[in-house]
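Bear in mind that the values here come from a model prediction, so they are computed numbers and not experimental data.
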Amino acid sequence: MNRRNLLKNIGLTAGTLALSGVGAVTAEAAARSSNRILRIAHITDVHMRPELDAPNRFRKCMELIKQHKVDFFLNGGDTIYAADYGNITRERVNEQWNIWHRLRKEFSEYEMYSCLGNHDMWWAAPDKSDAMYGKDYVVQQLNIPHRYYSFDKKGWHFIVLDSNNKNAGSLDDEQRDWLEKDLAALPAGTPTLLMSHYPLLAACCYMDGGGMHTDYKYLVNLFYKHKGKVKTCISGHIHLLDNVVYNNVQYCCNGALSGFWWEDGDKNSAGKGYCQQTPPGYAIIDLFDDGTMHNAYHPHSF
């Protein structure tokens with residue numbers, strides 16, 4: 001039986017064993033003296049669309065994720081397939097968001113904290129006064145408090161950023177000021193996780209031709225100033241799997257739930273639905289009371 005058929009037959013298990021190193025994870029967990037206090041599902045680049053049976057395939061993914069008994073979801077942006085192209089109509093935007101809302105109701109027992117993806121905004125509205133134009137409409141669709149925000153859970157601090165500004169993959173001045181104040185207000189040693197759509201720092205961008213935050217030097221310097229606080233940064237956008245550690249901050253780019261946009265792939269795909277060598281999947285993030293974390297990527301075969 002080839003690997004593709006094996007994945008089809010046993011779904012989650014084969015992919016997890018192949019990419020996440022379950023044996024190593026188990027040994028690491030057994031050696032920890034700390035206690036896990038949160039388990040989070042990180043889904044990103046869902047790219048929900050009516051075509052290719054994407055809604056039902058998403059439902060199958062949710063059933064797998066629920067088996068991990070997560071506490072809540074982090075949604076890394078590009079929730080819908082695309083609203084940002086010039087030829088996208090109002091009806092097409094609404095169609096995609098309406099599918100998402102129906103799906104979201106099916107796992108409404110879980111909290112979800114989302115960020116804006118570059119494909120989520122409809123810039124082709126007749127004018128800027130249109131209620132569906134730009135970021136404010138996406139904030140409403142995702143039911144989040146603002147385009148950037150923070151919250152706390154069980155001793156961990158979470159920061160959700162808006163990457164979609166001038167020099168795409170960057171923070172605007174207003175957001176920089178807010179972020180600096182948010183980090184400065186935290187007590188020393190408060191473990192902090194940041195989520196963005198574009199990677200703040202990554203290696204996979206060089207495989208894809210770009211897409212990393214253009215203000216990464218500013219961010220690295222800011223995080224170094226708060227090196228006892230900032231522990232990890234998670235992202236999507238590239239659809240590639242990546243794990244970079246710099247100045248003891250772990251940067252995880254966690255592939256894409258949709259893989260190759262729910263499509264079969266192209267000549268560069270290592271398997272059906274792959275984006276280059278990365279299969280479609282999601283991440284399970286464990287956070288511990290000593291400020292450490294573990295990020296495990298779980299491929300799916302749907």
Checklist entry - Under the salt bridge (Lys or Arg N to Asp or Glu O under 4.0 Å) criterion, do R92 and E51 qualify, and how do the steps go? => result CA-CA 12 Å; R92 175 65 172 177; E51 299 84 11; 2.9 Å; yes

Checklist entry - Can you check ring pair (Phe, Tyr, Trp, His ring centres under 6.0 Å) on W122 and Y133, steps first, answer last? => result CA-CA 6 Å; W122 190 44; Y133 174 83; 8.4 Å; no

Classify the ring geometry of [X] against [Y]: parallel below 30°, tilted from 30° to 60°, perpendicular beyond 60°.
{"X": "Y148", "Y": "W178", "result": "tilted"}
{"X": "H101", "Y": "W97", "result": "parallel"}
{"X": "W100", "Y": "F107", "result": "perpendicular"}

Next on the checklist: Can you list everything that forms a ring pair (Phe, Tyr, Trp, His ring centres under 6.0 Å) with Y149? Sequence neighbours excluded, please.
Outcome noted: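 Partners of Y149 by the ring pair (Phe, Tyr, Trp, His ring centres under 6.0 Å) criterion come out as none, since no residue qualifies.
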
Item to check | Y216: ring pair (Phe, Tyr, Trp, His ring centres under 6.0 Å) partners, not counting sequence neighbours | outcome: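 None.
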
Testing the basics here: between [X] and [Y], what is the closest heavy-atom pair and its distance to 0.1 Å?
{"X": "H42", "Y": "T44", "answer": "NE2-CB, 4.0 Å"}
{"X": "I99", "Y": "P55", "answer": "CG2-CG, 3.7 Å"}
{"X": "S258", "Y": "V46", "answer": "CB-O, 3.4 Å"}
{"X": "Y297", "Y": "G255", "answer": "OH-CA, 3.8 Å"}
{"X": "I65", "Y": "A41", "answer": "CG2-CB, 3.6 Å"}

Checklist entry - For N247, what residues pass the side-chain hydrogen bond (donor to acceptor under 3.5 Å, both in side chains) criterion, not counting sequence neighbours? => result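 N247: no side-chain hydrogen bond (donor to acceptor under 3.5 Å, both in side chains) contacts found.
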
Next on the checklist: Test of understanding: with side-chain hydrogen bond (donor to acceptor under 3.5 Å, both in side chains), list the residues that count as partners of H157, not counting sequence neighbours.
Outcome noted: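 H157 satisfies side-chain hydrogen bond (donor to acceptor under 3.5 Å, both in side chains) with D152, D182 once adjacent residues are dropped.
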
Checklist entry - With a 4.0 Å cut-off, would you call E63 and K60 a salt bridge? => result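 Salt bridge absent between E63 and K60.
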
Can you tell me if [X] and [Y] form a side-chain donor-acceptor pair at under 3.5 Å?
{"X": "N243", "Y": "N295", "value": "no"}
{"X": "S163", "Y": "H213", "value": "yes"}
{"X": "N164", "Y": "H197", "value": "no"}

With sequence neighbours excluded, what pairs up with [X] under the salt bridge (Lys or Arg N to Asp or Glu O under 4.0 Å) test?
{"X": "D172", "value": "R147"}
{"X": "R104", "value": "none"}
{"X": "R39", "value": "D286"}

Contact between [X] and [Y] at the side-chain level, heavy atoms closer than 4.5 Å - yes or no?
{"X": "M112", "Y": "I43", "answer": "yes"}
{"X": "Q250", "Y": "M293", "answer": "yes"}
{"X": "F223", "Y": "K229", "answer": "no"}

Checklist entry - Is it true that Y113 and F151 have ring centroids separated by less than 6.0 Å? => result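 Yes, the ring of Y113 comes within the 6.0 Å limit of the ring of F151, centre to centre.
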
Checklist entry - According to the salt bridge (Lys or Arg N to Asp or Glu O under 4.0 Å) rule, which pairs have a member within residues 247-264, sequence neighbours left out? => result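 As it turns out, the salt bridge (Lys or Arg N to Asp or Glu O under 4.0 Å) pairs with a partner in residues 247-264, which skip direct neighbours, are R49-E263.
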
Item to check | Connected-component partners of W261 among ILVMFWY, side-chain separation under 4.5 Å | outcome: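 Grouped by the 4.5 Å side-chain rule, Y81, F260 form the rest of the cluster around W261.
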
Item to check | F72 six-ring centre to K153 NZ/CZ under 6.0 Å and within 45° of normal | outcome: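 Ring-cation test returns yes.
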
Please name all residues satisfying side chain to side chain contact (heavy atoms under 4.5 Å, CB included) with [X], sequence neighbours left out, ordered by chain then number.
{"X": "K227", "result": "Y224"}
{"X": "Y246", "result": "L201, V220, Y251"}
{"X": "C61", "result": "L257, H300, F302"}

Give a yes or no answer on whether the side chain of [X] reaches the backbone of [Y] with a donor-acceptor pair at less than 3.5 Å.
{"X": "D45", "Y": "G259", "answer": "no"}
{"X": "D78", "Y": "H47", "answer": "no"}
{"X": "D289", "Y": "S34", "answer": "no"}
{"X": "D120", "Y": "T79", "answer": "yes"}

